[in-house]
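These notes are about the structure you will find just below.
So you know, we letter chains A, B, ... as the sequences are listed, proteins then strands, and number each from 1. Note that the structure is a prediction, hence the values are computed from the model and not measured. Just so you know, these numbers use all the heavy atoms, side chains as well, and skip hydrogens, waters and symmetry mates.
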Amino acid sequence: MKLRESLFLMLSLAVAALIAGTVGGYALAQAKDRIIQAQEKEQAIQAQEKDRIILAQEKAQVIQAQEKERVIQIKAKRFEYTPNTITVKKGVPVVLEFTSLDRLHGFNCSELGIRTDIPPKKMTQVRFVPQKVGTFPFICDIFCGTHHADMSGTITVTE
Amino acid sequence: MNINRRDFLKLAGLGGVVFVSGLGSLAGPVGAAQPKEDDFYFVQLSDTHWGFTGPKVNPEAPEMLKKVITTVNGLEQQPDFIFFSGDLTHVTDDDQERKTRLVQFKNAAKELKVKDVKFMPGEHDAGLDDAAAYKELFGETHYVFDHKGVHFIVLDNATDPRASVGESQLTWLSADLKRLKKDARIVIFTHRPLFDLYPSWDWHTRDGAKVLELLMPYSNVIVFYGHIHQEHHHMTGHIAHHAAKGLMFPLPAPGSVPKRSPIPWNAAQPYKGLGFRNIEAESKPVRYDIAELGMKGEKL
């Protein structure tokens, strides 16, 4: 009888321990999941905040760059550009604003990788950031008449 | 015709004298013409710029065309045909004057002994009126012809003031090439260089790379052009490009000076920079020997 009671008691304790372990483990896992979810949520919020800050910084940089852009107006007509000598600074953004006073012309400064058509009655913009120092020729590359070969100029990029 | 290299070099003239050993290998309608195996040569004349005036550049400008014709007519061995590779006339903004110059040029060319004379426009002839006057007098600006087994393709890269061949002509070229065997002997005439010789001086064809891409599968292609008024040789892969000297004024070497202005006349050395070129082509193996000659036939 004493042995039976002991066995029963031990069995009961084992069952109780098993139930307690299972319930406790489940509760622990639940708690762990909640912690992970909370951490992930926090990270997502931080990432969003970071993106927002970067975007704001980029916008500020663009606005700053636009404010710093140097705008140069160039008039094209047979057979000259005015001005035909342009000086810009390395690294400073430039906007070339072309207007043709008569017919279709071209602008090609191949060494700086700049080319555009210049149609009449319309302003044409080209943006670039000079990256190399030197003097670079440009020409009209759309055949435009008697003195087409003379329609040229230079862009000088200084430090 | 049976002339050796020495005899050939005696064929002094103006412009480029091109000798072709014509063993063609063409297919389809072209191949059906049964190319003959005899050799021939032709004369390439370029950039005559009829109508140009500028005593400091060429005090003999009004006589140059007549001189050229007289010299070609005096060739001991007359060529099979003569090809003018553009800028027949000098540019003018006056449409009527342009037509007048083209008429005068055409009439002058009738004085050539050789009656098979072929033409193509340069931008000076055709770039301001979409080749209207040129077409009226000379016909199409791009075309093909075959001569003793060699297929000649005339590509117009001058009528479009943007210096393009254009999609329509590229399609036409592609269709023409498809008729040919890959080892067909092909001679291309253009006015401007098809490659980027010096884009800063507009010495290129904006879509020239597309033309070369179409030509690349063909093993025997050679290109003759003008526009730059000087001898120049260049390879794009296996395709050789040869610029002819001009017949009115020379231009500086690409990029050698800030502007591409004509080189002034040198009274001590008249006609300096104007001359002609012999190209001797052999078919077995395919080979082109080029000799540059001065205006009086002297080897340079």
Self-check item: Interchain contact, B:Tyr198 with chain A, by part (heavy-atom threshold 4.5 Å)
Solution: side chain
Quiz prompt | Option that, when pairs with chain B are counted at under 4.5 Å, heavy atom only, ranks first among A:Arg115, A:Arg103, A:His147 | solution = A:Arg115
Exercise. Determine whether more than 12 heavy atoms belonging to other residues, nucleotides or ligands lie under 6.0 Å from atom NZ of B:Lys135.
Key: yes
Quiz prompt | Pick from B:Thr92, B:Asp196, B:Asp93, B:Asp94 with the largest number of heavy-atom pairs that fall under 4.5 Å of chain A | solution = B:Asp93
Exercise. Check whether more than 12 heavy atoms from other residues, nucleotides or ligands sit under 6.0 Å from atom CD of A:Glu97, and answer yes or no.
Key: yes
Self-check item: Atom group of A:Asp150 that falls short of 4.5 Å from chain B, counting heavy atoms
Solution: both
Self-check item: Any A:Phe143 side-chain heavy atom under 4.5 Å of B:Val91 side chain
Solution: yes
Quiz item: Say you draw a straight line from CZ of B:Arg260 to OG of A:Ser152; how long is it, rounded to the nearest 0.5 Å?
Solution: 7.5 Å
Exercise. Sort A:Thr146 into side chain, backbone, both or neither according to what part of it lies under 4.5 angstrom from a heavy atom of chain B.
Key: both
Quiz item: Given that the side chain runs from C-beta out, which part of B:Arg162 has a heavy atom under 4.5 Å from chain A: side chain, backbone, both or neither?
Solution: both
Quiz item: Rounded to the nearest 0.5 Å, how far does CD1 of A:Ile139 lie from NZ of B:Lys259?
Solution: 11.5 Å
Practice problem: Identify which part of B:Ser200 has an atom lying under 4.5 Å from any heavy atom of chain A, answering side chain, backbone, both or neither. | Solution: both
Quiz prompt | Contacting region of A:Cys144 [heavy-atom separation from chain B under 4.5 Å] | solution = backbone
Quiz item: Is the NZ atom of A:Lys32 crowded by more than 12 outside heavy atoms at less than 6.0 Å?
Solution: no
Quiz item: Side chain, backbone, both or neither: which part of B:His90 has an atom under 4.5 Å from a heavy atom of chain A?
Solution: neither
Exercise. Can you tell which part of A:Asp141 gets under 4.5 Å to a heavy atom of chain B, answering side chain, backbone, both or neither?
Key: both
